[in-house]
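First up is the structure itself, then whatever we jot down about it.
Every number for a ligand or one of its atoms is a count from 1 in the order of the listing.
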Amino acid sequence: MRIVCKACQYTSEIHKQTIEKELEKLKKGTIPMADDALYEKRLKACSDCKHLDISGTCMMCGCYVMLRAALKNNKCPEKHW
Ligand code: SF4
């Protein structure tokens with residue numbers, strides 16, 4: 001699952017590259033990552049959430065949810081996951 005910016009639909013290369021580059025950096029790092037099933041479950045919750053803005057940012061914490069949800073030990077500020 002991908003949460004695509006509803007404003008640019010990731011036609012903005014800068015937006016797309018920012019998310020993808022950061023995800024790649026996280027995967028190469030030492031911070032535990034959520035497995036695919038957990039990641040998908042979290043993104044599904046975010047995609048249904050009223051706090052997700054059109055750019056894929058959580059308005060409660062200010063994070064891009066595709067990045068926040070990728071880290072295993074992160075939590076949703078509203079306890080949705
Ligand atoms: S409040 Fe939680 S579920 Fe909603 S967008 Fe933010 S992180 Fe996702």
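The line from CG of L71 to CZ of R42 is 8.0 Å long, rounded to the nearest 0.5 Å.
By the 4.0 Å N-to-carboxylate-O rule, K21 lies too far from E24 to be salt-bridged with it.
Evaluation of the side chain to side chain contact (heavy atoms under 4.5 Å, CB included) rule for D35 yields A37, L38 as partners, not counting sequence neighbours. In this structure E40 satisfies the salt bridge (Lys or Arg N to Asp or Glu O under 4.0 Å) test with no other residue, sequence neighbours excluded.
Placement of M59 and M66 in two distinct hydrophobic clusters is found when ILVMFWY residues are connected by side-chain heavy-atom separations under 4.5 Å, directly or transitively.
Around atom 4 (Fe) of ligand 1, the protein contributes the following N, O or S atoms under 2.8 Å, ordered by chain and number: C49 SG.
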Report, one line per pair, each donor and acceptor closer than 3.5 Å where one atom sits in a side chain of residues 73-81; sequence neighbours left out.
unit_1	atom_1	unit_2	atom_2	d
N74	ND2	R68	O	2.9

